[in-house]
Amino acid sequence: MQHPSYIKLHSSGELIERIRQLYSLMKECKLCPRKCLAKRFEGNYGVCRSTNQLLVSSLSAHYGEESPLVGWNGSGTIFFTNCNLWCLYCQNYDISHLRHGEVITINQLAEAMLSLQQLGCHNINFVTPTHFIPQIIDAVGIAVDKGLNIPLVYNCGGYESVETLKLLDGIIDIYMPDIKYSINQNSYKYSGAKDYWDVVQPAIIEMHRQIGDLKMNPFGIAERGLLIRHLILPNDITGSKKVLDFIVNKVCVDSYVNIMDQYRPAFKAYRYPELSRNITLDEYYEVINYAESIGLHRGFGKYEKLLEVH
Ligand code: SF4
């Protein structure tokens with residue numbers, strides 16, 4: 001396996017400089033597109049309900065992610081508490097909305113990464129990292145000194161600032177963003193982000209510019225690249241076809257796209273009749289067939305599902 005590029009960045013001293021710049025964006029916080037200017041170091045909460053206190057809800061070798069991340073030893077998942085989106089159907093609402101988690105130090109976070117690596121995990125998978133990214137990269141710096149050398153996965157909701165992403169260039173090996181909506185009206189109504197579609201497109205393009213399409217080693221384990229997730233919501237609340245058109249026309253037809261069918265109403269979804277059911281098989285196949293018809297061919301469909309089973 002090639003060594004991840006963050007190791008080179010650390011040896012050159014550039015990693016420290018990036019950490020400094022990330023903390024500087026957090027001072028009056030502009031880390032994410034909300035740019036809510038919260039003074040988090042003074043104990044104030046941002047729109048993401050976070051101060052500068054690092055909150056983690058779980059650390060584990062996770063086997064429920066996409067097969068190129070899971071391999072045989074699991075993805076070393078670190079699940080951060082809170083979120084910069086407010087999806088009212090959130091499947092992890094206890095963590096993202098109800099703030100379940102524990103305060104940990106940056107040194108403890110570094111140790112956690114090393115423990116997951118020691119367990120044999122194929123990568124370190126930061127789930128919902130956006131609002132804590134300065135502390136996370138700070139911890140990466142400490143962990144590299146102690147031998148961290150597996151790929152880093154940035155697993156996010158897609159509501160990202162390009163300015164922040166540029167500071168992660170050469171640090172993150174695998175970006176795994178959602179593309180949740182292509183309809184701003186719906187992202188506002190169901191996730192509290194009135195410009196989601198405007199924001200997610202340049203963010204995905206920047207991620208792809210940095211690392212390209214998903215590449216795997218001969219054993220099928222992801223080493224570097226972009227893995228896009230798209231969760232189909234009932235009644236086409238997501239605007240799925242426009243999302244897929246964007247991927248083909250502005251990113252790459254060879255993009256790995258996990259088109260997900262597992263939506264279940266959760267949290268406040270039952271207050272909205274249009275969200276209070278699973279998707280139908282027809283809804284699922286309409287999106288899958290469309291993806292195939294425009295040339296997408298990685299990460300979804302019967303063939304991939306069969307590969308995942310065996
Ligand atoms: S990360 Fe949180 S505090 Fe910072 S701009 Fe976004 S919502 Fe505001």
Side-chain angles (χ1 to χ4, degrees), residues 18-57 78-90 92-106 109 125-141 152-169 171-172 175-181 184 186-207 210 229 267-268:
R18 301 283 186 86
I19 294 166
R20 192 193 64 70
Q21 291 180 42
L22 286 166
Y23 275 123
S24 153
L25 281 179
M26 189 177 161
K27 247 181 225 156
E28 290 185 354
C29 195
K30 303 184 265 304
L31 282 174
C32 90
R34 299 216 184 256
K35 293 189 172 46
C36 70
L37 305 180
K39 294 184 177 170
R40 297 172 58 186
F41 289 106
E42 296 175 20
N44 296 334
Y45 289 88
V47 174
C48 58
R49 303 181 183 89
S50 306
T51 64
N52 67 331
Q53 218 168 35
L54 191 54
L55 280 171
V56 166
S57 81
I78 304 179
F79 216 125
F80 294 93
T81 303
N82 301 333
C83 186
N84 70 341
L85 288 171
W86 301 339
C87 306
L88 49 82
Y89 51 87
C90 181
N92 304 309
Y93 65 93
D94 51 334
I95 300 165
S96 304
H97 294 257
L98 305 182
R99 309 189 75 243
H100 289 186
E102 289 189 15
V103 177
I104 66 165
T105 65
I106 289 163
L109 179 59
N125 182 351
F126 302 123
V127 185
T128 332
T130 313
H131 49 293
F132 290 131
I133 198 62
Q135 297 98 316
I136 294 170
I137 305 303
D138 202 351
V140 166
L152 302 179
V153 183
Y154 190 92
N155 179 344
C156 68
Y159 196 56
E160 300 291 319
S161 143
V162 170
E163 189 184 359
T164 304
L165 289 173
K166 281 186 191 294
L167 294 176
L168 303 178
D169 191 0
I171 302 174
I172 299 299
Y175 282 107
M176 185 158 65
D178 292 318
I179 304 185
K180 289 178 181 288
Y181 307 93
N184 280 333
N186 289 350
S187 64
Y188 189 36
K189 182 169 179 188
Y190 303 111
S191 296
K194 62 179 181 225
D195 54 356
Y196 182 89
W197 181 233
D198 304 330
V199 162
V200 72
Q201 294 174 82
I204 300 284
I205 289 169
E206 171 59 20
M207 292 174 192
Q210 290 180 20
R229 283 175 164 173
F267 195 36
K268 297 178 181 169

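Count residues from 1 along the sequence. All ligand and atom numbering here is 1-based and tracks the order in the structure.
For Ser24, the side-chain hydrogen bond (donor to acceptor under 3.5 Å, both in side chains) test picks out no residue, with sequence neighbours left out.
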Could you walk me through whether Phe80 and Leu109 pass the side-chain contact (heavy atoms from CB on, under 4.5 Å) test, one step at a time? CA-CA 11 Å; Phe80 294 93; Leu109 179 59; 4.1 Å; yes

For Asn82 and Ser50: C-alpha separation, side-chain torsions, deciding distance, then whether side-chain hydrogen bond (donor to acceptor under 3.5 Å, both in side chains) applies. CA-CA 7 Å; Asn82 301 333; Ser50 306; 3.0 Å; yes

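Leu31 places a side-chain heavy atom less than 4.5 Å from the side chain of Pro134.
Relative ring orientation between Tyr175 and Tyr154 is described as perpendicular, the plane-to-plane angle rising above 60° on a 0-90° scale split at 30° and 60°. Relative ring orientation between Tyr196 and Tyr159 is described as parallel, the plane-to-plane angle staying below 30° on a 0-90° scale split at 30° and 60°.
Around atom 8 (Fe) of ligand 1, the protein N, O or S atoms found under 2.8 Å comprise Cys36 SG.
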